[in-house]
Amino acid sequence: QVQLMESGGGLVQAGGSLRLSCAASGRMFIINTMGWYRQAPGKQRELVATITSDGSTNYDDSVKGRFTISRDNAKNTVYLQMSGLKPEDTGTYYCNARRRQYSSILPDYWGQGTQVTVSS
């Protein structure tokens, strides 16, 4: 139906930058909101940022002013530009896609994740 492939993770020093990419394929016309979530060791998965089909964005307070989510509709790709990285940003970052309808019935789509490690 919809496949999500994350890339761009890696090891970076505190204060550095990374850009994550999520390439989507399949029936993207059924998708409304896409976003990035992350999961640190021993913690539950948490929202980082979301972007709707019309470009509206939402960010977790912990990343406001440092991260920017954007989209390239021609490439069916969503990006997460991360700047001023902190060690607490370390985790596995997952791309997420939610249906326009039936989201309460059918599950979201998820990528396999890309690892981000920020050293102090």
Side-chain angles (χ1 to χ4, degrees):
Q1 293 264 321
V2 173
Q3 293 81 44
L4 306 174
M5 296 285 289
E6 304 99 332
S7 62
L11 176 64
V12 65
Q13 193 173 35
S17 299
L18 285 173
R19 188 175 76 160
L20 306 183
S21 298
C22 174
S25 61
R27 293 156 47 88
M28 288 302 297
F29 60 88
I30 72 172
I31 299 298
N32 178 29
T33 303
M34 298 190 67
W36 289 94
Y37 292 72
R38 67 187 179 190
Q39 187 167 23
K43 298 180 65 177
Q44 69 175 15
R45 190 172 299 184
E46 64 181 7
L47 181 146
V48 177
T50 61
I51 185 166
T52 64
S53 59
D54 64 356
S56 297
T57 58
N58 182 61
Y59 297 91
D60 182 77
D61 287 342
S62 67
V63 306
K64 286 182 178 178
R66 299 189 297 120
F67 292 9
T68 301
I69 188 170
S70 61
R71 62 161 58 196
D72 186 335
N73 291 331
K75 297 181 179 179
N76 285 327
T77 302
V78 175
Y79 303 96
L80 185 69
Q81 179 66 51
M82 306 186 295
S83 300
L85 284 164
K86 305 174 181 179
E88 51 263 45
D89 294 319
T90 293
T92 303
Y93 284 68
Y94 297 91
C95 187
N96 167 271
R98 181 163 291 176
R99 293 175 174 86
R100 295 179 183 273
Q101 299 183 48
Y102 305 105
S103 61
S104 63
I105 301 174
L106 299 175
D108 291 358
Y109 295 98
W110 293 93
Q112 294 300 305
T114 185
Q115 180 67 35
V116 172
T117 302
V118 184
S119 62
S120 59

Where [X] and [Y] come nearest, the two heavy atoms and their spacing:
X	Y	value
M34	I31	CG-CG2, 3.8 Å
A40	T90	CB-O, 3.7 Å
L4	A24	CD2-CB, 3.7 Å
F67	R38	CE2-NH1, 3.9 Å
R66	G84	NH1-O, 2.9 Å
G9	V116	CA-CG2, 4.2 Å

Roughly how far, to the nearest 0.5 Å, is the [atom2] atom of [Y] from the [atom1] atom of [X]?
X	Y	atom1	atom2	result
Q81	L20	CD	CG	9.0 Å
K86	S120	NZ	OG	14.0 Å
T117	L11	OG1	CG	6.0 Å

May I ask whether I30 and V78 are part of the same hydrophobic cluster, defined by side-chain heavy atoms of I, L, V, M, F, W, Y residues being less than 4.5 angstrom apart, directly or through others?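 Yes.
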
Quick one: do L18 and V118 end up in the same hydrophobic cluster if we chain Ile, Leu, Val, Met, Phe, Trp and Tyr together by side-chain heavy atoms under 4.5 Å apart?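 The answer is yes; both residues are in one hydrophobic cluster.
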
Please identify which of these residues, I69, V48, I51, L47, meets the side-chain contact (heavy atoms from CB on, under 4.5 Å) condition with Y59.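 Only one of I69, V48, I51, L47 forms a side-chain contact (heavy atoms from CB on, under 4.5 Å) with Y59, namely I69.
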
So W110 and Y37, would you call those rings parallel, tilted or perpendicular, with 30° and 60° as cut-offs?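 The rings of W110 and Y37 stand perpendicular, inter-plane angle above 60°.
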
Could you check Q39, Q115, R45 and say which one makes a side chain to side chain donor-acceptor pair (under 3.5 Å) with T92?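 By the side chain to side chain donor-acceptor pair (under 3.5 Å) criterion, T92 pairs with just one of Q39, Q115, R45: Q115.
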
Quick check: do [X] and [Y] have side-chain heavy atoms less than 4.5 Å from each other?
X	Y	result
S53	R100	yes
R99	Y109	yes
W36	C95	yes

For the pair R71 (side chain) and T52 (backbone), establish whether a donor and an acceptor sit closer than 3.5 Å, ignoring hydrogens and angles.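 Present.
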
So does E6 get a backbone contact from the side chain of Q112, meaning a donor-acceptor N/O pair under 3.5 Å?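 No, the answer is negative, given that no donor and acceptor are paired below the 3.5 Å cut-off.
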
In terms of heavy-atom contacts, does CE of M28 have more than 12 from other residues, nucleotides or ligands at under 6.0 Å?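 Yes, because the 6.0 Å sphere around CE of M28 holds more than 12 heavy atoms from other groups.
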
May I ask you to check whether R98 and N96 show a side-chain donor-acceptor distance below 3.5 Å?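 There is no such pair between these side chains.
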
Is a salt bridge present between K64 and D61, judged by a nitrogen-to-oxygen distance below 4.0 Å?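 Yes, K64 and D61 are salt-bridged.
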
